[in-house]
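Single-structure report; data block below.
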Amino acid sequence: MKLVTPSLIALAFLGALALVAAPAPAADKINVLIIDGQNNHGWAKTTPVIKDMLEKNGKFTVDVLTSPPKPDPKKPMTDAEKKAAEEGWAKFRPDFTKYQVVFSNYNGQDWPAEVNAAFEKYMQNGGGLVIFHAANNSFTKWTEWAKMVALLWQGAPNGDRITVDDSGKIVRTPKGEGIGAGHGPQHPYELVVRDKEHPITKGMPEKLMHVKDELYQGQRGPGENMDILMTAFASPDVKGSGTNEPMVFTVKYGKGRVFVNLLGHDEKSTAEPACTILLLRGTEWAATGQVTIPVPATLAADATAAAAASK
Ligand code: ZN
């Protein structure tokens, strides 16, 4: 009896622990915070597309935080609007620690310094960040942000340029040399996988067509701790740089993971097969370091058909 009693107590204790630890139904989902509210792109149209694709996938729960609107230099704010913006920014204090991944669809005014500091800490401690298209245009003066994003939309004097030659070798062009950020007219283009073993690209077709979209070139920044997953050739026929531009990559920042996806100028290109699967798998990876979302068997064919239709 003496032997039995303690183990029964232990069992009861373990049972109680199990009950306490039993997750709520949504706890096994990845919680995502999308930040928007200012952008030179149609954030009000792309955010619902992104939220919907994440929620429909079933692995994610999504909150959206919308910042106060960007002041319009041509239309001075009324006193009431100014007051509302000030109050809005005073309340803009996201608790990043509640989320496994922050998804930026934001390109606008600087966040309050206190928010930047909290975000740096969150990322240093192992947070996740997804950069969506023009989100890399923002915060060019924020040094730690530049380290997280690696390459930003800015001029040649502001940072190094990273490209990939035809043999797959990374080429670093020092700041001040060569072109700065830009893009030619939108057109369908091919994405080439440069890291086949990364969880995000593993199992994806080595070449994947993407619909009519912007092909960013000449992005500039510290360009450190990057893993280039996909490039696209910026053809001189469409005012391109004539080299392979990194379009999809990851960045290591402290213990944090950053997924950068430069596709998705508008809601249409965002919803198409290549961009959708990259955002789903990239968001899961930024949150957990792993990818369980399967690559659809029809991805290559669907993407090619969508690209042909978008010409
Ligand atoms: Zn764009």
Side-chain angles (χ1 to χ4, degrees), residues 34-53 64 66-67 69-70 72 103-109 129-140 145-146 148-156 158-159 161-163 179-191 208-221 228-241 243-249 251 258-279 282-283 303 306-307 309-311:
I34 299 179
I35 300 184
D36 65 12
Q38 295 192 10
N39 207 317
N40 60 331
H41 290 67
W43 60 268
K45 286 184 175 167
T46 47
T47 288
V49 168
I50 295 159
K51 186 172 189 282
D52 189 56
M53 76 166 72
V64 178
T66 300
S67 77
K70 193 171 190 166
D72 182 347
F103 188 116
S104 179
N105 188 15
Y106 182 90
N107 171 25
Q109 287 178 290
L129 170 64
V130 175
I131 293 294
F132 170 66
H133 193 64
N136 90 327
N137 295 203
S138 61
F139 308 142
T140 49
W145 175 264
M148 295 177 207
V149 176
L151 297 174
L152 295 86
W153 179 281
Q154 54 187 348
N158 299 301
R161 175 171 188 229
I162 305 289
T163 51
I179 62 165
H183 60 70
Q186 293 191 43
H187 61 285
Y189 51 84
E190 187 179 63
L191 296 158
L208 185 62
M209 280 307 297
H210 178 47
V211 295
K212 185 176 171 184
D213 199 349
E214 288 168 353
L215 197 171
Y216 276 17
Q217 62 187 18
Q219 306 296 294
R220 296 284 178 163
I228 297 174
L229 305 187
M230 284 179 159
T231 59
F233 178 70
S235 171
D237 297 345
V238 273
K239 297 184 177 163
S241 61
T243 190
N244 303 302
E245 300 284 347
M247 293 300 290
V248 180
F249 52 91
V251 188
V258 184
F259 172 67
V260 180
N261 163 81
L262 298 179
L263 315 177
H265 171 74
D266 60 18
E267 68 279 12
K268 192 168 181 303
S269 50
T270 303
E272 293 293 350
C275 192
T276 296
I277 193 64
L278 284 164
L279 288 178
T283 304
S310 78
K311 267 190 183 164

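FYI, the numbering just counts along the sequence from 1. Whatever order the structure lists ligands and atoms in, that order sets their numbers, starting from 1.
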Between N158 and T140, does any side-chain donor sit less than 3.5 Å from a side-chain acceptor? no
Expected output: side-chain N39 to main-chain G42 donor-acceptor under 3.5 Å: no
Donor-acceptor pair, side chain of Y106 and main chain of I34, under 3.5 angstrom: no
Check salt bridge (charged side-chain N to carboxylate O under 4.0 Å, His left out) between R220 and all other residues, then give those that pass, not counting sequence neighbours. none
Pair up each side-chain donor or acceptor in residues 229-238 with any protein partner under 3.5 Å, not counting sequence neighbours, and list the distances.
| unit_1 | atom_1 | unit_2 | atom_2 | d |
| --- | --- | --- | --- | --- |
| T231 | OG1 | R194 | NE | 2.9 |
| T231 | OG1 | R194 | NH2 | 3.3 |
| S235 | OG | D237 | N | 3.1 |

Could you note down all residue pairs passing salt bridge (charged side-chain N to carboxylate O under 4.0 Å, His left out) where residues 35-51 supplies at least one of them, sequence neighbours left out? K51-E55
Measuring from the Zn ion (ligand 1), count protein N/O/S atoms under 2.8 Å, please. 4
